[in-house]
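Shown next, in structure tokens, is the structure this report addresses.
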Amino acid sequence: MYRTRCTDGATTKCPAHDRGVTYLLLSIVLSTLILSGTAFCSAQFDEARVHADHGLQLAQSGDLQGAENELRQAIKLEPRNPEFLSTLGTLLAMGKKLDESSTLFRKALQLAPQDSTSRRYLAANLWQLHRYPEAKQELQTLLRQHPNDAAARLLLGMVSENSGDYSTAAKMLSSVPDEVSKQPESVAALARSYYQLHEREKARKTLSVLSEQAAERGVLLGAQIADQAEDFETAQKLLESVSSSDTDFAIVQYRLALVEYHAKRFAESQSRLQRLIDSGHETSQAYNLLGWSYQQQANLKAAAESFERAIALAPADESHYLDLGRILLAHGSLRTALDVAKRAAIQFPNSVAVFDFKGRTESRMSQFTDAIRSYKRATQLDPSNADVTLGLARAQASAGLNPDAASTLDTALNRFPKDARFQVEYALMLIKQAETGDPVARTRAEKMLRSALAIAPTNQQALYELGNLELNDGRVTEASRHLEQVVKLAPLSSPAHFALARAYRRLKRVEDAQKEMGLYNRSKEADSRDGGAASHNDEAKN
């Protein structure tokens with residue numbers, strides 16, 4: 001069966017490649033071939049037809065490789081026969097040989113441009129290969145030829161939804177309601193499109209089809225779509241429609257707890273999860289979400305215990321170690337966080353994420369030599385990872401190894417030319433050098449910051465550092481302009497408010513300076529209240 005992957009991870013069956021439909025189409029293709037007036041009445045053609053007939057028989061018996069061999073023989077004898085090309089393309093698609101299958105469909109279409117079946121199959125291949133613009137082009141061509149082709153409209157809707165063209169997706173999918181209702185994934189795609197278009201009531205009405213069908217898989221998928229759209233009421237209603245009768249009680253209860261968590265009803269999520277665990281449904285997934293629920297209620301001890309239980313139940317899942325480490329790090333429990341990182345590094349010696357976290361924790365503890373080793377391991381595992389490369393440069397600079405940091409940053413500037421963070425990091429290192437009386441470093445630092453802003457005009461750190469340099473040089477008007485941009489982008493940035501207050505005082509804007517000092521004081525108070533709050537890693541929970 002030919003399948004693709006939805007944007008939320010659900011598996012979607014492609015309507016053009018269902019095996020039963022494929023066998024039927026193979027029969028039609030060969031029957032058409034036999035009756036076609038364009039077929040050559042020759043011994044060579046008869047031999048090719050024998051191979052094709054035998055290929056169909058083998059395909060129907062499940063021997064796809066044998067069928068493929070027979071069709072190749074047929075094409076060898078009749079290389080310009082579009083029916084043979086299309087039939088082999090179909091067989092290869094069933095065997096997941098999508099690139100070669102697509103090539104054969106294109107050849108068939110060159111010979112028979114009006115062959116809607118080959119074009120639809122080609123579009124389905126391209127969809128599966130995530131080549132959405134090409135798939136769209138083929139489907140639009142097909143629909144110009146056959147405007148009412150329901151399967152093409154359905155497929156164009158799915159392709160459009162996957163590629164983020166929600167308007168086209170909604171238009172196409174809503175035009176073939178009978179086709180859409182046959183597959184929960186299609187219903188979900190239409191609902192997701194409506195949510196993205198801010199047509200919540202249409203999305204809810206679409207999802208109600210799933211609860212009416214009373215199929216657990218569809219209801220769970222629909223609830224996930226509503227949850228992702230932050231329509232928590234609809235998500236909960238869908239889940240509750242199956243929770244009383246469904247045999248998969250644990251799955252439904254977990255998903256309800258997840259909806260409650262996303263709705264910031266943390267105590268309810270915690271209570272539901274605890275009841276689920278107490279009823280004998282202990283899973284690492286449940287303990288992980290329980291840990292995050294405790295974390296959001298500032299109960300670090302209970303959160304850590306929950307994550308440790310998740311680790312015990314699923315020691316091969318690195319996300320539990322990382323989640324535990326993150327909340328410990330966020331709460332300032334550095335030594336315990338490092339212990340978790342070391343355990344994870346032993347368990348997952350080839351994990352970039354683990355060594356990135358270990359390096360970050362060691363840097364927080366000013367253990368820069370160890371951090372450099374961790375980041376070097378991470379960059380060995382994935383040289384294309386900009387985050388760990390940046391971590392390495394920062395650790396080297398913090399350790400006073402400026403030549404090493406400069407070498408790392410020079411390499412990164414070439415490898416990641418569109419990532420402004422490297423110019424900013426280079427500038428920070430040069431600014432420290434300039435403080436020792438190096439005017440060349442000061443000039444290079446400003447150049448780096450302006451280069452960073454050319455790449456990313458709203459980079460807050462680049463704007464702040466450039467504003468500070470200008471302020472210290474007496475270019476107060478320019479400084480205030482850059483600092484005003486920072487506070488607009490980051491209203492809670494206490495350093496930016498303080499620097500802007502300094503600039504306003506120098507410009508004799510006394511009231512504005514006083515206002516910025518008031519904002520600075522409030523921002524500092526908020527920082528002290530919120531310090532240590534960890535964010536929930538949604539990706540690990542969904």
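The shown structure was predicted, so the numbers you read here are calculated from the model rather than taken from an experiment.
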Would one find more than 12 heavy atoms of other residues, nucleotides or ligands at under 6.0 Å from atom CD of Q380? yes
Pairwise distance CD(Q236) to OG(S241) - rounded to 0.5 angstrom: 11.5 Å
Kindly indicate, with the supporting measurements, whether the criterion side-chain contact (heavy atoms from CB on, under 4.5 Å) is fulfilled by Q224 and D227. CA-CA 5 Å; Q224 182 179 354; D227 187 15; 5.5 Å; no
Are S102 and L129 close enough that some pair of their side-chain heavy atoms sits under 4.5 Å apart? yes
OG/S363 to CG/L334 distance, rounded to the nearest 0.5 angstrom? 11.5 Å
Could you list the residues that satisfy ring-ring contact (aromatic ring centres under 6.0 Å, His included) with Y166, not counting sequence neighbours? none
Distance from L88 atom CG to E100 atom CD, nearest 0.5 Å? 6.5 Å
With sequence neighbours left out, what residues match T234 under side-chain hydrogen bond (donor to acceptor under 3.5 Å, both in side chains)? R204, D231
Indicate yes or no: does K205 engage E201 in a salt bridge with an N to O separation below 4.0 Å. no
Least distance between heavy atoms, I327 atom then L300 atom: CD1-CD1, 3.9 Å
Tell me, with the steps shown, if E179 and R153 meet salt bridge (charged side-chain N to carboxylate O under 4.0 Å, His left out). CA-CA 9 Å; E179 295 297 318; R153 284 178 166 269; over 6 Å; no
What pairs meet the side chain to side chain donor-acceptor pair (under 3.5 Å) rule with one or both residues in residues 334-348, with sequence neighbours excluded? E308-R343
Locate the shortest heavy-atom distance separating T389 from A412; write the atom from each residue and the value. CG2-CB, 4.0 Å
Could I get the full list of salt bridge (charged side-chain N to carboxylate O under 4.0 Å, His left out) partners for R360, not counting sequence neighbours? none
I want to check something: taking the side chain as every heavy atom from C-beta on, are Q296 and Q270 in contact at a cut-off of under 4.5 Å? no
So, R120 and D149, do they make that salt bridge, N to O below 4.0 Å? yes
Apply ring-ring contact (aromatic ring centres under 6.0 Å, His included) to F232 and list each qualifying residue two or more places apart in sequence or on a separate chain. none
At what distance, to the nearest 0.5 angstrom, does CD of E83 lie from OG1 of T117? 11.0 Å
Nearest 0.5 Å please: distance from the CD1 atom of I311 over to the OH atom of Y287. 13.5 Å
Checking side-chain contact (heavy atoms from CB on, under 4.5 Å) for the pair Q140/L143: CA distance, chi angles, key distance, verdict? CA-CA 5 Å; Q140 287 167 346; L143 287 169; 5.8 Å; no
Residues passing the salt bridge (charged side-chain N to carboxylate O under 4.0 Å, His left out) test with K376, sequence neighbours excluded, are none
So, does R377 use its side chain to make a donor-acceptor pair with the main chain of S351 at under 3.5 Å? no
Ignoring hydrogens and angles, tell me if any N or O in the side chain of R255 forms a donor-acceptor pair with the backbone of A235 under 3.5 Å. no
Side chains of E362 and Y375: do they bring a donor and an acceptor to under 3.5 Å? no
According to side-chain hydrogen bond (donor to acceptor under 3.5 Å, both in side chains), who are the partners of S193, at least two apart in sequence or on a separate chain? none
Distance alone, cut at 3.5 Å: any donor-acceptor contact between the side chains of S279 and H281? yes
Just wondering, do N69 and Q65 contact through their side chains at under 4.5 Å, heavy atoms? yes
Contacts of type side-chain hydrogen bond (donor to acceptor under 3.5 Å, both in side chains), residue T379, not counting sequence neighbours: none
Taking the six-membered ring for Trp and the full ring for Phe, Tyr or His, determine whether the centres of Y321 and F357 are under 6.0 Å apart. no
Would a distance-only check, ignoring hydrogens and angles, find a side-chain to backbone donor-acceptor pair under 3.5 Å from R272 to E260? no
Any idea which heavy atoms bring K182 and D178 closest together, and the distance? CG-O, 3.3 Å
Identify, with sequence neighbours excluded, every residue that meets salt bridge (charged side-chain N to carboxylate O under 4.0 Å, His left out) alongside D317. none
Non-neighbouring partners of K136 that pass side-chain hydrogen bond (donor to acceptor under 3.5 Å, both in side chains), sequence neighbours left out: D165
Please determine, by modelled atom types, if Q57 and D53 share a side-chain donor-acceptor pair under 3.5 angstrom. no
Looking at every heavy atom in both S269 and A257, which two are closest together, and how far apart are they? OG-O, 2.9 Å
For the residue pair S116 and R119, confirm or rule out a side-chain donor-acceptor distance under 3.5 Å. no
Side chains of R275 and S271 only: does a donor on one sit below 3.5 Å from an acceptor on the other? yes
Within the supplied structure, the quantity of interest is the number of heavy atoms (other residues, nucleotides, ligands) at a distance under 6.0 Å from Q145 CD; does it exceed 12? yes
In short, salt bridge (Lys or Arg N to Asp or Glu O under 4.0 Å) pairs touching residues 278-290 with sequence neighbours left out are E282-R309
For D387, all residues meeting side-chain contact (heavy atoms from CB on, under 4.5 Å), sequence neighbours excluded: N385, R421
Using 0.5 Å steps for rounding, measure from the CG atom of N299 to the OG atom of S293. 11.0 Å
Lys/Arg-Asp/Glu bridge criterion (N-O < 4.0 Å) met for E138, R106: yes
Quick check: closest heavy atoms across Q114 and H146, and the distance to 0.1 Å? O-NE2, 4.4 Å
Side chains of Y194 and R200: does their closest heavy-atom pair fall under 4.5 Å? no
Can you tell if the side chain of F307 reaches within under 4.5 Å of the side chain of W292, non-hydrogen atoms only? yes
Scanning both residues in full, the closest heavy-atom pair of S174 with A170 reads OG-O, 2.6 Å
